[in-house]
Engineer: 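Encoded as structure tokens, here's the structure I'll be asking about.
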Number of protein chains: 2
Amino acid sequence: MKIQQILERAERLCIERGTRLTSKRKRVLECLLRHKNALSAYNIADAFKQEAEGDMPPMSVYRILEFLEDNLLVHKLHTANKYVACSHISCDHRHYKTSQFLICLKCSKVEEVSINNLVIGELHKSIERTEFRMISPQFEINCICNTCDQDKKYSSNTQLI
Amino acid sequence: MKIQQILERAERLCIERGTRLTSKRKRVLECLLRHKNALSAYNIADAFKQEAEGDMPPMSVYRILEFLEDNLLVHKLHTANKYVACSHISCDHRHYKTSQFLICLKCSKVEEVSINNLVIGELHKSIERTEFRMISPQFEINCICNTCDQDKKYSSNTQLI
DNA sequence: GCTAACAACGATATGTTATATCAATTTTTA
DNA sequence: TAAAAATTGATATAACATATCGTTGTTAGC
């Protein structure tokens with residue numbers, strides 16, 4: 001699906017929620033959609049500088065990312081301290097209570113996967129037996145993507161992790 | 001099990017691995033064992049200052065934590081940027097290929113749990129179908145512990161998350 | 001349209017987490 | 001005991017993040 005369509009869908013979702021996807025917020029979301037990999041707030045600010053899209057200071061990026069996260073448009077990957085656009089903006093978007101992210105530690109490529117509901121159910125059951133209550137379930141799994149794995153095989157000066 | 005015994009076991013494990021659990025390393029591990037909650041490197045440095053156990057600058061703590069992690073004696077919780085002592089130092093210690101941590105976002109209390117093998121197996125299968133390869137499997141699950149959950153109910157000025 | 005209330009944005013300061021580097025010291029090995 | 005290796009000390013700097021306050025822009029009621 002094209003980025004422009006996703007942005008339009010995002011805008012509609014915000015209107016439904018009574019929030020506003022301002023032009024700056026839209027541009028940060030677009031930046032995340034164009035870069036497929038996860039980006040830090042400072043990465044995003046740098047991208048705006050380099051692509052001469054007008055200034056976007058890191059503090060603004062943080063504020064905007066917070067808004068986008070609250071509006072279910074981006075996910076924060078806590079293990080990487082980076083952010084990705086939600087891959088379900090344009091599809092149903094509400095089926096996904098538990099997100100699972102495979103994150104390449106080398107290039108920050110991210111895949112948002114959907115693990116078997118049965119598995120997630122079992123997980124919840126395991127946790128119910130403890131004295132902990134799960135909140136905002138999100139799994140982040142450290143991986144190496146195929147591309148970077150290949151790189152490792154053929155280039156000796158590439159460092160893993 | 002008493003901390004002293006765990007430390008002795010840790011020392012033996014290091015000797016078996018051909019590494020040395022020096023007195024400073026031992027003291028950092030002991031610090032993590034005494035505090036049941038996860039601590040940041042700077043938290044540990046502060047603890048040494050307060051308890052007048054002699055200086056332990058943050059940079060030393062980082063170096064020592066790296067050693068302890070390499071020697072499977074502590075885990076880094078990437079989502080919290082904090083560290084905990086491995087809860088399996090004194091038991092078999094090698095059965096645990098995939099560690100799962102329940103982390104209280106309020107007080108950093110941590111429980112290292114063993115989730116249903118079925119769940120872990122399914123998770124691995126899901127990942128095999130992607131173009132990612134899992135490394136250093138470790139799951140961190142954001143939770144609220146019962147104690148902090150109770151606190152929330154009875155005190156109005158306590159903030160959740 | 002005017003104004004009050006609120007939301008969004010800009011700017012600065014500061015806090016927290018982490019890595020890099022090089023010198024000094026201690027321990028091990030030959 | 002001297003050389004080599006491991007450990008520790010010390011400083012600088014990078015990377016990630018929050019707090020605060022003033023300004024600008026938008027919305028809602030009059």
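Throughout, protein chains are lettered first and strands after them, A, B, ... in sequence-line order, and every chain is numbered starting at 1.
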Engineer: My understanding is that only residues two or more places apart in sequence, or in another chain, count here; which of them pass side-chain hydrogen bond (donor to acceptor under 3.5 Å, both in side chains) with B:Lys49?
Structural biologist: none

Engineer: Could I get the full list of side-chain hydrogen bond (donor to acceptor under 3.5 Å, both in side chains) partners for A:Arg20, not counting sequence neighbours?
Structural biologist: none

Engineer: Is B:Lys125 salt-bridged to B:Glu128, going by a charged N under 4.0 Å from an acidic O?
Structural biologist: no

Engineer: I need the CG-C1' distance between B:Leu65 and C:dT19, as an integer number of Å.
Structural biologist: 14 Å

Engineer: List the atom of A:Glu140, the atom of A:Ile103, and the distance in Å for their closest heavy-atom pair.
Structural biologist: CB-CD1, 3.9 Å

Engineer: Under 4.0 Å, heavy atom to any atom of DNA chain D: which of residues 24-39 of chain B qualify?
Structural biologist: B:Lys24, B:Arg25

Engineer: Would you please name every residue forming a side-chain hydrogen bond (donor to acceptor under 3.5 Å, both in side chains) with A:Asn43, sequence neighbours left out?
Structural biologist: A:Ser40

Engineer: In whole angstrom, give the distance that lies between atom CZ of B:Phe67 and atom P of D:dT7.
Structural biologist: 6 Å

Engineer: Under 3.5 Å between N/O atoms: give me all the protein pairs with nucleotides 10-18 of chain D, atom names plus distance.
Structural biologist:
{"unit_1": "D:dA17", "atom_1": "OP1", "unit_2": "A:Lys76", "atom_2": "NZ", "d": "2.8"}
{"unit_1": "D:dA17", "atom_1": "OP1", "unit_2": "A:Asn81", "atom_2": "OD1", "d": "2.9"}
{"unit_1": "D:dA17", "atom_1": "OP2", "unit_2": "A:Tyr62", "atom_2": "OH", "d": "3.1"}
{"unit_1": "D:dA17", "atom_1": "O5'", "unit_2": "A:Tyr62", "atom_2": "OH", "d": "3.4"}
{"unit_1": "D:dA17", "atom_1": "N7", "unit_2": "A:Tyr42", "atom_2": "OH", "d": "3.0"}
{"unit_1": "D:dA17", "atom_1": "N6", "unit_2": "A:Tyr42", "atom_2": "OH", "d": "3.4"}

Engineer: Take the protein atom CZ of A:Phe48 and the nucleotide atom C1' of C:dG10, then report the distance between them rounded to whole Å.
Structural biologist: 15 Å

Engineer: How bent is the helix from C:dG1-D:dC30 to C:dA30-D:dT1, measuring the angle between the end axes built from five pairs each, rounded to 10°?
Structural biologist: 30°

Engineer: Can you list the residues that meet the ring pair (Phe, Tyr, Trp, His ring centres under 6.0 Å) rule with A:Phe101, with sequence neighbours excluded?
Structural biologist: A:His75

Engineer: How about A:Met56 and A:Ile64: do any of their side-chain heavy atoms sit closer than 4.5 Å?
Structural biologist: yes

Engineer: Rounded off to whole Å, could you give me the CG-to-C1' distance for the B:Asp46 and C:dT16 pair?
Structural biologist: 11 Å

Engineer: Going by side-chain hydrogen bond (donor to acceptor under 3.5 Å, both in side chains), name the residues that satisfy it together with B:Asn81, two or more places apart in sequence or in a different chain.
Structural biologist: none

Engineer: Measure CD1/A:Ile15 against C1'/C:dA7 and give the value in whole Å, please.
Structural biologist: 16 Å

Engineer: Could you pull out the protein-nucleic contacts involving nucleotides 25-30 of chain C (nitrogen or oxygen on both sides, under 3.5 Å)?
Structural biologist:
{"unit_1": "C:dT27", "atom_1": "O3'", "unit_2": "B:Arg20", "atom_2": "NH1", "d": "2.7"}

Engineer: Using side-chain contact (heavy atoms from CB on, under 4.5 Å) as the criterion, list what pairs up with A:Arg34, not counting sequence neighbours.
Structural biologist: A:Ile3, A:Glu30, A:Cys31, A:Glu51, A:Glu53

Engineer: For B:Lys26, does its backbone N or O pair with a side-chain atom of B:Glu11 as donor and acceptor, under 3.5 Å?
Structural biologist: no

Engineer: Would you say A:Thr22 reaches C:dC9's phosphate, i.e. side-chain N/O to OP1/OP2 under 4.0 Å?
Structural biologist: yes

Engineer: Holding to ring pair (Phe, Tyr, Trp, His ring centres under 6.0 Å), I want the full list of residues that pass it with A:His78, two or more places apart in sequence or in another chain.
Structural biologist: none

Engineer: Any idea which heavy atoms bring A:Leu29 and A:Ala85 closest together, and the distance?
Structural biologist: CD1-CB, 4.2 Å

Engineer: Run the side-chain contact (heavy atoms from CB on, under 4.5 Å) test against A:Lys109 and tell me which residues pass, sequence neighbours left out.
Structural biologist: A:Asn37, A:Cys104, A:Cys107, A:Cys145, A:Thr147, B:Glu131, B:Phe132

